[in-house]
Amino acid sequence: MSMRALPFLAVARHLVTEGGVVLRMHRGLGFHESCDGSVIAYGADNFNSPGPGGAEDLWSVQFTGPAEIVEPASDQRERFGAGPAEVNGEVFDPVYLRLDPHLSHMHTLAFDASP
């Protein structure tokens with residue numbers, strides 16, 4: 001996202017649903033307000049938790065598109081799982097954004113070359 005015309009990174013959890021990506025972040029930081037109505041980029045990967053094939057199953061994905069504040073259905077909120085107890089000493093207060101991906105890129109990584 002950008003904040004005051006400068007690039008800015010914010011931590012969020014995501015859920016892919018109904019052709020979009022729903023992000024959960026902490027309301028107390030106010031980042032959601034900068035994203036609402038703006039075009040943002042969101043990236044995710046599984047570099048710390050590869051699938052059963054190990055390094056052969058590594059992937060990275062990036063979505064870019066407009067975002068808006070939403071209130072997801074209860075089943076979607078449950079799929080996010082538990083949030084952190086605190087963020088910067090404040091009780092975690094979730095807020096949700098829906099990203100409508102207009103561009104998406106997925107990359108897979110394989111480490112099968114011999115040394």
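The shown structure was predicted, so the numbers you read here are calculated from the model rather than taken from an experiment.
- Listed by chain and number, the hydrophobic cluster partners of Val91 come to none, as no ILVMFWY side chain reaches under 4.5 Å of it.
- With sequence neighbours excluded, no residue forms a side-chain hydrogen bond (donor to acceptor under 3.5 Å, both in side chains) with Glu86.
- Looking at residues two or more places apart in sequence or on another chain, you find no side-chain hydrogen bond (donor to acceptor under 3.5 Å, both in side chains) involving His32.
- Taking every heavy atom of both residues into account, Ala44 and His14 meet most closely at CB-CE1, 3.6 Å.
- When all heavy atoms of Gly20 and Pro101 are compared, the closest pair comes out as CA-CD, 3.9 Å.
- Listed by first and then second residue, the salt bridge (charged side-chain N to carboxylate O under 4.0 Å, His left out) pairs involving residues 70-81 are Glu71-Arg77 (not counting sequence neighbours).
- Under the 4.5 Å side-chain criterion, counting only non-hydrogen atoms from C-beta, Val95 is in contact with Met25.
- What you find for Trp59 and Asn46 is that their closest heavy atoms are N-OD1, 2.8 Å.
- Tyr42 contributes a side-chain N or O that, together with a main-chain N or O of Ala12, makes up a donor-acceptor pair within less than 3.5 Å.
- Qualifying side-chain hydrogen bond (donor to acceptor under 3.5 Å, both in side chains) partners for Ser60, counting only residues two or more places apart in sequence or in other chains: none.
- Sorted by first and then second residue, the salt bridge (charged side-chain N to carboxylate O under 4.0 Å, His left out) pairs with a member in residues 15-43 read Arg27-Asp93; sequence neighbours excluded.
- Residues meeting the side chain to side chain contact (heavy atoms under 4.5 Å, CB included) test with Val87, sequence neighbours left out: His26, Leu29, Pro84, Phe92.
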- Item | Trace of the side-chain contact (heavy atoms from CB on, under 4.5 Å) decision for Leu109 with Phe47 | CA-CA 10 Å; Leu109 292 93; Phe47 294 171; 3.7 Å; yes

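- Hydrophobic side-chain contacts under 4.5 Å tie Phe80 into a cluster, directly or through other members, with Leu15, Val22, Val70, Tyr96.
- Linking ILVMFWY residues whenever their side-chain heavy atoms come closer than 4.5 Å, directly or via other members, leaves Leu9 and Leu23 in distinct clusters.
- Scanning for side chain to side chain contact (heavy atoms under 4.5 Å, CB included) contacts around Thr64 gives Val39, Ala41, Gln62, Leu103, with sequence neighbours left out.
- Here the straight-line distance linking atom CG of Leu97 with atom SG of Cys35 works out to 5.5 Å at 0.5 Å rounding.
- A continuous path of ILVMFWY side-chain contacts below 4.5 Å connects Ile69 to Leu99, so both sit in one hydrophobic cluster.
- Counting heavy atoms from C-beta outward, Phe31 and Phe8 have side chains that approach closer than 4.5 Å.
- In terms of the side-chain hydrogen bond (donor to acceptor under 3.5 Å, both in side chains) criterion, residue partners of His102 (sequence neighbours excluded) are, by chain and number, Asp100.
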